[in-house]
2 protein chains.
Amino acid sequence: MLGKITDYRMCEQVAAVLKTLAHAQRLSILCKLYRKEMTVGELEAGCGISQPQVSQHLTRMRLEGIVESKRDGNHVYYSISDPQIRVLLESFEKVFKV
Amino acid sequence: MLGKITDYRMCEQVAAVLKTLAHAQRLSILCKLYRKEMTVGELEAGCGISQPQVSQHLTRMRLEGIVESKRDGNHVYYSISDPQIRVLLESFEKVFKV
DNA sequence: GAGGTATATTAAAATATCTTTATATTATTA
DNA sequence: TAATAATATAAAGATATTTTAATATACCTC
């Protein structure tokens, strides 16, 4: 991207990922998932986001390959499936001195 | 953010910055500026973006403190003013193996 | 299988963002 | 100062995203 930006395509790809992360609720969800897998209900309570919204964000991120889910009874556990996302979250932590 | 996310505020702040970066044209502009300061016209040609759009993106990023400008005759040179943005761009480069 | 809990889906309404077109400003040069 | 080049601004139109509210599905327990 910086060395060889002959590629506008690459900017499009990166921007697409950033678009998903550029939302306080989704970011908040991912930060929670960074530490451990969690159910929809736990995220709902932990992030203070409505159930449909949590579910919608998770569905979106699952389709994008960022998170994955596994069902256990009538709970569904979500976790971060893409290691690149973890690295990005760590960068944000450093850059923003959180 | 990952250690102590008691702060939803922090997610909002990070998301606000990411929102600006989450656009292929703006990302493309910043990648060009990463190497050296450039005029609006150079960015227009180099990124293949219309003049008003380049100018609008730059104005937005200037107001957000990401870039700064200096006039020289009737050219205006833009450069990245926020070191954090450089670090983020470097992270993207690493993560996405550009 | 009825009732309850957890999660997912849908669709409409509200907002925000992007793009385009036209025009304005600033500075230079002749 | 008229003409031109470079940049900025504004406003309308087009799209996309977010939010909310209602409803559906899946699974468990009794």
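Note that these values count all heavy atoms, side chains included, but never hydrogens, waters or copies made by symmetry. Letters go in sequence order (proteins before strands), and every chain restarts at 1.
- Put simply, SG on A/Cys47 and CG on A/Leu33 are 8.0 Å apart, with the number rounded to the nearest 0.5 Å.
- A distance of 10.0 Å separates CE in B/Met10 from NZ in A/Lys97, rounded to the nearest 0.5 Å.
- Taking the nucleotide of DNA chain D with the nearest heavy atom to each of A/Gln51 and B/Val54, the more 5' of the two is matched to B/Val54.
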Just distance, no hydrogens or angles: give the donor-acceptor pairs under 3.5 Å from side chains in residues 58-68 of chain A, sequence neighbours left out.
unit_1  : atom_1 : unit_2  : atom_2 : d
A/Thr59 : OG1    : A/Ser55 : O      : 2.9
A/Arg60 : NE     : A/Glu64 : OE2    : 3.3
A/Arg60 : NH2    : A/Thr20 : OG1    : 3.2
A/Glu64 : OE1    : A/Thr20 : OG1    : 2.7
A/Glu64 : OE2    : A/Thr20 : OG1    : 3.1

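- Counting only residues at least two apart or on different chains, the side-chain hydrogen bond (donor to acceptor under 3.5 Å, both in side chains) pairs with a member in residues 69-90 of chain A are A/Tyr34-A/Glu90, A/Glu37-A/Lys70.
- Listed nucleotides D/dT19, C/dT19, C/dA8 differ in distance to A/Gln25; the shortest reach to its side chain belongs to D/dT19.
- When the C1' atoms of four end pairs are superposed on the next four at each end of the helix from C/dG1-D/dC30 to C/dA30-D/dT1, using five pairs per end, the two resulting axes differ in direction by 20°, to 10°.
- Mapping B/Ser50 and A/Thr39 onto DNA chain C by nearest heavy atom places A/Thr39 at the nucleotide closer to the 5' end.
- Minimum interatomic distance between B/Ala15 and A/Ala24 (heavy atoms only, all atoms of both residues): CB-N, 3.5 Å.
- Between B/Tyr78 and D/dA8 there is a side-chain polar atom (N or O) within less than 4.0 angstrom of OP1 or OP2.
- Distance from the side chain of A/His23 is smallest for D/dT19 among the nucleotides D/dT19, C/dA8, C/dT19.
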Hey, what are the protein-to-nucleotides 10-16 of chain C N/O distances that come in under 3.5 Å?
unit_1 : atom_1 : unit_2  : atom_2 : d
C/dT10 : O4     : A/Gln56 : NE2    : 2.5

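- For A/Gln25, the side-chain contact (heavy atoms from CB on, under 4.5 Å) partners at least two apart in sequence or on another chain are A/His23, A/Ile49, A/Gln53, A/His57, B/Tyr8.
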Under 4.0 Å protein heavy-atom contacts per nucleotide of nucleotides 24-30 of chain D, with B for base, S for backbone only and - for none: ---BS--

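- Less than 4.0 Å separates DNA chain C from at least one heavy atom of each of the following residues of residues 57-70 of chain A: A/Thr59.
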